[in-house]
Amino acid sequence: MQCDRIWRDARLMSMVGRDLGIVEDGVIASRGDRIVYAGPASDAPDFDAVEETRCDGRWVTPGLIDCHTHLVHGGDRSHEFQLRLQGASYEDIAHAGGGIASTMRATREAGEDALVATALPRLDALIGEGLTTVEIKSGYGLERDAEIRMLRVARRLGRERRVGVVTTFLGAHAVPPEYAGDAGAYVAAVCDDMLPAAAAEGLVDAVDVFCEGIGFSPAHTERVLAAAAALGLPVKLHADQLSNLGGGALAARYGALSADHLEYLDDAGIAAMARAGTVATLLPGAFYFVRETRLPPIAALRAAGVPIAIATDCNPGTSPLTSLLLAMNMAATLFRLTVDECLAGVTRNAARALGLAGEIGTLDAGKRCDLAVWNVERPAELVYRMGFNPLHARVWKGQ
Ligand code: DI6
Ligand code: FE
């Protein structure tokens, strides 16, 4: 059988099925950007490959997927970090005109090239750890042109680097100063002007809302979700992060791909998400950075069979994190996720949170040939180390 590339002598974490899908003596073959075979060497067809790579017994996983980031933004918030070290809370800072509004100002001032230049080092850090797909949100422009610029930058990052980029419109991230005190008017602008304009340019793969006391009420959130649905766009939600507003259940009602954060998610929300097949995306970097003490309801999510994804939430205010490996370690240590759950969270379930379960996230014939090859002895080592990168090689679309 003809193929372009073959990887032999690999130990596979295929992530097919419910666990790690381990294959001890494995082979992967690709044609074009697709996997044509991934499985035991003993069952492999007789391949005639243009190029052959010996993995010398190394572990191979699907390329890692970060399904929730705010990677594109101007400036940083290290000064607010210092204020928080002196006792100010995230909400105090937000109410004093800092927080998302301060990143909004820096993002509006930055041109497209500057936004690309500041995002690239963050993207490169993720890629350097085996990332092959990243979701990138808007949400720091908070006006039509600046939101569109952020999404254009996100698309451009996908041309500057060999990586898949999935965009999310998050115009409803905060009420900008022009609409202070009139969230309803801003939501109308989001629904009637900003979102349709961004979608018309093909810049929107999904729509997200920050449903929170310091963000948007459930009623306003629902207007944005309905506008997205009317445009045929999938939705997701920042839900139940700092308080319980029923965000998980609201997300489920709109068939959301994912509901994210979820520290305050309640039983009704869990049941609704389970029924809707909505992924629970956990963001342990934000939990750590804001020193949250309330844990997401892991045991109940597990019991209900809600798929769990893990992401960096890379953003300047609450999670300046550019390591999915560290996010996995935090999910294990802080949330007590198992090694299998952590690895599924950055592969199979992250793919599902992006609506790409048929395309990426497992080593399976027909999927995109996105691989990470690791210098580790066993799977747990990928979750166990902190600040050490054992990546040996990364393959995107078969190359
Ligand atoms: N939740 C978060 O944790 C971030 N956005 C959101 O909706 C925080 C964004 C920021 O503070 O800049
Ligand atoms: Fe976020």
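These numbers come from the heavy atoms of this one structure, side chains and all, not from hydrogens, waters or symmetry mates. Both ligands and their constituent atoms are indexed starting at 1 by order of listing. One-based numbering along the sequence shown.
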May I have the angle between His68 NE2 and Asp313 OD1 with its vertex at the Fe ion (ligand 2), rounded to 10°? 80°

Report all protein residues having a heavy-atom distance below 4.0 Å to some atom of ligand 1; order the list by chain, then number. His70, Arg77, Tyr90, Ile100, Tyr140, His173, Phe210, His238, Gln241, His261, Asp313, Asn315, Gly317, Thr318

Any heavy-atom pair between the side chains of Arg302 and Ile298 that's under 4.5 Å? yes

Would you call the rings of His73 and Tyr140 parallel, tilted or perpendicular if under 30° counts as parallel and over 60° as perpendicular? perpendicular

Closer than 3.5 angstrom, by distance alone: can the side chain of Thr133 be matched with the main-chain N or O of Ile65 as a donor-acceptor pair? no

Any donor-acceptor N/O pair, Arg77 side chain to Pro320 backbone, under 3.5 Å: no

So does Arg336 have more than 12 non-hydrogen atoms from other groups sitting under 6.0 Å from CZ? no

Met1, CE atom: more than 12 neighbouring heavy atoms under 6.0 Å: yes

Within 2.8 Å of the Fe ion (ligand 2), is there any N, O or S atom belonging to His261? no

Contact flag Asp260/the Fe ion (ligand 2), N/O/S atoms, threshold under 2.8 Å: no

Could you pull out all residues at least two apart from Asp340 that satisfy salt bridge (charged side-chain N to carboxylate O under 4.0 Å, His left out)? none

